[in-house]
Amino acid sequence: MSATAPETTGATAPETTGTTAPEAAPAAEPLGALAELDRLVSPYGLASRVRRLPNHPGEPRFAIFTASMGDLAAVSPNIAESAAGSDVRGGMDGAGGGLGTERAGRLCVAESLERYSSCVFDEAALRWATAEELGDEALDLGTVPRCSPRELAHPKSIVTAPDPAGPMRWTRGWSLTGNRPVWVPAVMVWMHIRAKSAAERFTMPISTGCAAHTDLASALVGGICEVVERDAIALTWLQRIPWPRIELDEIPARLAPYVERHRAGHVRTRFYDATTDLGVPTVYSVDLTPDNEVLGQLVMCNTDLDPVVSVGKLMRESASSRIAMQVPRPRPADPDEFLHVFHGASYMGAPGRAGDFAFLLDGRERRPLSAMPDLSTGTAAGDLRLLVERLGAAGCDVIAVEVTTDEARDVGFRVVRVIIPQLMPLSFVHTARYTAHPRLYEAPARMGHRVHAEADLNPLPQPFA
């Protein structure tokens, strides 16, 4: 799921469109710092407009908004270069959902700001060098996820193996586990950064680990949790891990409004405890709507130190994803040509493919939500310390790069990208799933699950979007 913006809002009411009647925000809902984001919304601002999307009939009636950013290729040279003439309008628009309109109308702007900040950079500030030239000051390319020889040899492969002797662009980051500066390949940090050497094609730009917040520690927590979440998503699907199904045996008061709103629709969601060997609570979910002719299954996932927060967030954000996933889009007929975030999800979302989720849906193991531990410490600094210590003990290097833009700084936001090379990445490119990464096989073994060799991995496209 997208990294989390601060849970605070206010100021000018967002534009409302669509046929769905707005729900009032809870009376006690704090609005605070997100109000500053309204300064970014104008015909000449970062977001040209904010609008509400109508919920589909029978689906949970959460308030869902989008913030439109227009054609960023017109103002960013690297986005224009990456787009290569194609229309990128709408591709980075932010979405936000909530129980009420005030918060949702600002969260979509926060997500737009996060996406914008992860795409805009100064080419002149980057350093061209090889990993060998940078030595110990560079991220060890031997630790990054890599594709197998089988994947690299595929006639439609678009990636290369990491090459320490190959020149590429680098930027400065900070190792939170090693407490030291580190050079990081720029292609692992920003989106819309076109490879300018063969060595830069060892990875594909993706939003994993980007997070925005008014507090730096909170942004880092959000980024770390998203990397852990994406690791669980990849492991779940590729290794077909039969996680225990979560039973909502107790519904805390803070979760009750989300459950009530969610259960009022026709969507039936199964939640699974996808907490990996890292021990950071992670919830994986599958929406089931067999009566829907377009979207029979929808996969979501979220990592948070408090699993109750994850369940509520999944209910809220699945409502947004369901709208996006039911928009007609072209898709290649051959899964080996799947490159876009929506390709695999729409393919696997077809109602006739429900049987492909049997390794989860047919499982008999159950786990009460109340039995899942809440590891939150009560402060962002405490949560950050816990996560860094836990990941460090697991042999992971947690690296952060600040990508805060002037626009973000002007409204009091910090934006970061977190990279944890030892964890399994999420890939939407079906021919490049990083199946040579050791964690893909070591993690299931540590958790006592069956380990599938590369030839026996799930051959179907990744259903998460």
Between Phe271 and Tyr284, is the ring centroid distance below 6.0 Å? no
Minimum heavy-atom separation for [X] and [Y], please, with both atom names.
| X | Y | result |
| --- | --- | --- |
| Cys225 | Thr303 | O-CB, 3.3 Å |
| Cys147 | Val159 | SG-CG2, 3.6 Å |
| Ser285 | Thr269 | CB-CG2, 3.8 Å |
| Leu298 | Ser321 | CD2-CB, 4.0 Å |
| Ser310 | Asn302 | OG-ND2, 2.9 Å |

Could you check Asp38 against Val50 for side-chain contact (heavy atoms from CB on, under 4.5 Å), going step by step and ending with a plain yes or no? CA-CA 10 Å; Asp38 287 339; Val50 171; over 6 Å; no
Looking at [X] and [Y], would you say the former's side chain and the latter's main chain have a donor-acceptor pair under 3.5 Å?
| X | Y | result |
| --- | --- | --- |
| Gln239 | Leu235 | no |
| Ser157 | Ala153 | no |
| Arg49 | Ser68 | no |
| Ser197 | Pro167 | yes |
| Arg103 | Leu99 | no |
| Ser218 | Ala380 | no |
| Thr160 | Ala198 | yes |
| Thr236 | Ile241 | no |
| Glu133 | Thr130 | yes |
| Arg51 | Ala67 | no |

Qualifying ring-ring contact (aromatic ring centres under 6.0 Å, His included) pairs, either residue in residues 106-154, two or more places apart: Phe121-Trp190
Using only heavy-atom distances, determine whether the side chains of Thr405 and Ser117 contain a donor-acceptor pair under 3.5 Å. yes
For [X], enumerate each residue passing the salt bridge (charged side-chain N to carboxylate O under 4.0 Å, His left out) test, keeping only those at least two apart in sequence or located in another chain.
| X | result |
| --- | --- |
| Asp356 | Arg353 |
| Arg385 | none |
| Arg39 | Glu36 |
| Arg150 | none |

Quick one: side chains of residues 455-465, donor-acceptor pairs under 3.5 Å with protein atoms, not counting sequence neighbours, listed by atom name and distance.
| unit_1 | atom_1 | unit_2 | atom_2 | d |
| --- | --- | --- | --- | --- |
| Asn458 | OD1 | Leu460 | N | 3.1 |
| Asn458 | ND2 | Trp237 | O | 3.1 |
| Gln462 | OE1 | Phe464 | N | 3.1 |

Given side chains that start at C-beta, do those of [X] and [Y] come closer than 4.5 Å, heavy atoms only?
| X | Y | value |
| --- | --- | --- |
| Met92 | Leu72 | yes |
| Arg106 | Phe65 | no |
| Leu386 | Thr377 | yes |
| Phe202 | Met188 | yes |
| Glu111 | Cys108 | no |
| Glu132 | Leu134 | no |
| Ile224 | Leu384 | yes |
| Phe428 | Met204 | no |

Contacts under 3.5 angstrom, residues 440-453 side chains, donor-acceptor by atom type, not counting sequence neighbours:
| unit_1 | atom_1 | unit_2 | atom_2 | d |
| --- | --- | --- | --- | --- |
| Tyr441 | OH | Thr435 | O | 2.5 |
| Arg446 | NE | Asp277 | OD2 | 2.9 |
| Arg446 | NH2 | Asp277 | OD2 | 3.3 |

Looking at Asp304 and Lys313, is any side-chain nitrogen of the basic one under 4.0 Å from a carboxylate oxygen of the acidic one? no
Derivation of the side-chain contact (heavy atoms from CB on, under 4.5 Å) call for Glu114 and Cys119: CA-CA 9 Å; Glu114 174 193 307; Cys119 293; over 6 Å; no
Which residue pairs pass the salt bridge (charged side-chain N to carboxylate O under 4.0 Å, His left out) test when at least one of the two sits in residues 181-196, sequence neighbours left out? Glu81-Lys196, Glu123-Lys196
Pair listing, salt bridge (charged side-chain N to carboxylate O under 4.0 Å, His left out) test, anchored in residues 335-345, at least two apart: Lys156-Glu337
Is it true that the NZ or CZ of Arg316 lies under 6.0 Å from the centre of Phe62's six-membered ring and within 45 degrees of the ring axis? no
Pi-cation contact, Trp174 with Arg180 (under 6.0 Å, within 45°): no
Counterpart residues, ring-ring contact (aromatic ring centres under 6.0 Å, His included), relative to His437 (two or more places apart): none
Donor-acceptor pairs under 3.5 angstrom involving side-chain atoms of residues 412-427: please list them, not counting sequence neighbours.
| unit_1 | atom_1 | unit_2 | atom_2 | d |
| --- | --- | --- | --- | --- |
| Arg414 | NE | Glu402 | OE2 | 2.6 |
| Arg414 | NH2 | Glu402 | OE1 | 3.2 |
| Arg414 | NH2 | Glu402 | OE2 | 3.4 |
| Arg417 | NE | Val189 | O | 2.7 |
| Arg417 | NH1 | Ile206 | O | 2.6 |
| Arg417 | NH1 | Thr208 | O | 2.6 |
| Arg417 | NH2 | Val189 | O | 2.7 |
| Arg417 | NH2 | Ile206 | O | 2.9 |
| Gln422 | OE1 | Asp397 | N | 3.0 |
| Ser427 | OG | Val429 | N | 3.1 |
| Ser427 | OG | Val429 | O | 3.3 |
| Ser427 | OG | Ala432 | O | 2.6 |

Tabulate below the donor-acceptor pairs under 3.5 Å that side-chain atoms of residues 135-144 make, not counting sequence neighbours, or state none.
| unit_1 | atom_1 | unit_2 | atom_2 | d |
| --- | --- | --- | --- | --- |
| Glu137 | OE1 | Arg172 | NH2 | 3.4 |
| Asp140 | OD1 | Gly142 | N | 2.8 |
| Thr143 | OG1 | Asp140 | O | 2.7 |

Can Phe338 and Tyr347 be said to form a ring-ring contact (aromatic ring centres under 6.0 Å, His included), step by step? CA-CA 10 Å; Phe338 286 3; Tyr347 181 88; 5.6 Å; yes
Run the numbers on Val283 and Cys301 for side-chain contact (heavy atoms from CB on, under 4.5 Å), then give the verdict. CA-CA 6 Å; Val283 180; Cys301 191; over 6 Å; no
For the pair Leu375 and Val280, evaluate side-chain contact (heavy atoms from CB on, under 4.5 Å) and give the outcome as yes or no after the intermediate values. CA-CA 8 Å; Leu375 303 183; Val280 183; 5.6 Å; no
Applying the side-chain contact (heavy atoms from CB on, under 4.5 Å) criterion to Thr171, which one of Asp122, Val401, Val187 satisfies it? Val401
